[in-house]
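Everything below concerns the one structure shown next.
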Amino acid sequence: MGDLSLILGTVLSQIAIGTFITSFVATHLLKKADPKDAFKAIVTAFVVGVLGIGAMILHLGQPLHAMHAFFNLGRSWLSREVLFYGGFLGCAFLYILFCKLSKEGLLKPIGIVASICGVCAVFVTSMIYTIPSIVAWNSANTPISFALTALMIGIPLGIYISKANELAQEGARLVSAFAFVALATTLVHVTTLAASVPAGAGSAHLLMSNGLFWGRLGLLAVVSLFASVTVVKAKDKTAYSINTLVILAAILIVAEFIGRSLFFGTIVRM
């Protein structure tokens, strides 16, 4: 249950944050989404986020003591995760509440605070796992991969659920670019691990001998090519790419759950 809760908690929380920020930006900053449609995306992000934090709490040895993490903000990345992720969910809830109460003037500032908390939450969560004794985690690849999960899945979901059709083509391009970055950084990371200390080389061997590792790379490659080709060749580019966003999101959800299971399941300690 331990690894499963970590996989669910980290991936779902990042999806929630990426979806919220994408929908908020599309609605309030770019003015490309109707607030009523964007509301559905915000609610989706909040629900997914609650599921994510539920999974994280289950990972703790004593879930009822989770609130004690608030009292060590100066030294603990876990405490900072509780602060920022709790702030994100709290602001997302207020956003939903103010939408229902028709308090439009409060939505933008609340959304900005939620987005800032979300970005910080992704970063501090990644820092929890930059552990010196685990070479495979203790690198820039950890925060990069966590951020890419939020971007690759949050962008297509946020645009699609918000019905921000005008952003679909650009969204598909971004997803394609981020999938390529994820593919490239994964290859660089594994190559670097293989040439490092024995613990790192051991992790690299476990990854490269696992079929799921190559399957994930294949999925990332498909998204990189598929998004690029469809955006370029589609006659009705906006309409076609808005429909492809669901496909891209589904493929990337599978890819990132595989990636996170490998992240937690192929470590070798020094």
Just list the side-chain donor-acceptor pairs under 3.5 Å for residues 37-48, sequence neighbours left out, or say none.
from	atom 1	to	atom 2	distance (Å)
Thr44	OG1	Lys40	O	2.8

Legend entry - Nearest heavy atoms of Ser196 and Val135, plus distance in Å: OG-CG1, 4.2 Å

Legend entry - Contact summary for Ile110 and Cys91, nearest pair of heavy atoms: CG2-O, 3.2 Å

Inset, instruction - Give, for atom OH of Tyr160 and atom OG1 of Thr19, the distance between the pair rounded to the nearest 0.5 Å. - result: 14.0 Å

Legend entry - Test side-chain contact (heavy atoms from CB on, under 4.5 Å) applied to Ile153 and Leu248, step by step: CA-CA 8 Å; Ile153 303 175; Leu248 298 179; over 6 Å; no

Inset, instruction - Please check if the distance between the ring centroids of Phe264 and Tyr129 is under 6.0 Å. - result: yes

Inset, instruction - Would you give the length of the straight line joining atom CZ of Phe226 to atom CD1 of Ile251, rounded to the nearest 0.5 angstrom? - result: 6.5 Å

Inset, instruction - Assess whether atom CZ of Phe257 is packed by more than 12 heavy atoms of other residues, nucleotides or ligands within 6.0 Å. - result: yes

Legend entry - Distance, nearest 0.5 Å, that separates OG1 of Thr149 from CD1 of Ile15: 8.0 Å

Legend entry - Sequence-distant partners of Lys163, side-chain hydrogen bond (donor to acceptor under 3.5 Å, both in side chains), two or more places apart: none

Inset, instruction - Could you pull out all residues at least two apart from Ser203 that satisfy side-chain hydrogen bond (donor to acceptor under 3.5 Å, both in side chains)? - result: none

Pairs under 3.5 angstrom only: tabulate donor-acceptor contacts from the side chains of residues 113-121 to other protein residues two or more places apart or in another chain.
from	atom 1	to	atom 2	distance (Å)
Ser115	OG	Gly111	O	2.8

Inset, instruction - To the nearest 0.5 Å, tell me how far Glu256 CD sits from Ser261 OG. - result: 10.5 Å

Inset, instruction - Tell me yes or no: between the side chains of Ser162 and Ser23, is some donor less than 3.5 Å from an acceptor? - result: yes

For residues 181-192, please give each side-chain donor-acceptor pair under 3.5 Å, one per line with the distance, not counting sequence neighbours.
from	atom 1	to	atom 2	distance (Å)
Thr185	OG1	Val181	O	2.8
Thr185	OG1	Ala182	O	3.2
Thr186	OG1	Ala182	O	2.7
Thr186	OG1	Arg216	NH1	3.2
His189	NE2	Ala136	O	3.1
Thr191	OG1	Leu187	O	2.7
Thr192	OG1	Val188	O	2.8

Inset, instruction - Report yes or no: do Phe180 and Leu148 belong to one cluster of Ile/Leu/Val/Met/Phe/Trp/Tyr joined by side chain heavy-atom distances under 4.5 Å? - result: no

Legend entry - Taking every non-hydrogen atom, the tightest pair across Thr125 and Glu81: OG1-OE2, 2.9 Å

Inset, instruction - Could you tell me whether Phe263 atom CZ has more than 12 heavy atoms of other residues or ligands within 6.0 Å of it? - result: yes

Legend entry - Separation of Asn138 CG from Ile131 CD1 (nearest 0.5 Å): 8.5 Å

Inset, instruction - Give the cluster check for Ile258 versus Leu207: same hydrophobic cluster or not, with ILVMFWY residues linked at side-chain heavy-atom distances below 4.5 Å. - result: yes

Inset, instruction - Using the test side-chain hydrogen bond (donor to acceptor under 3.5 Å, both in side chains), find all partners of Tyr95 that sit at least two apart in sequence or belong to another chain. - result: His28

Legend entry - Shortest non-hydrogen contact between Leu193 and Ala204, atoms and distance: CB-CB, 3.9 Å

Legend entry - Shortest non-hydrogen separation from Thr10 to Arg260 and the atoms involved: OG1-NH1, 3.0 Å

Inset, instruction - Identify the heavy atoms of Leu89 and Val50 that sit nearest to each other, and give their distance. - result: CD2-N, 4.0 Å

Inset, instruction - Would you check if the side chain of Thr142 reaches a backbone N or O of Ser126 as a donor-acceptor pair within less than 3.5 Å? - result: no

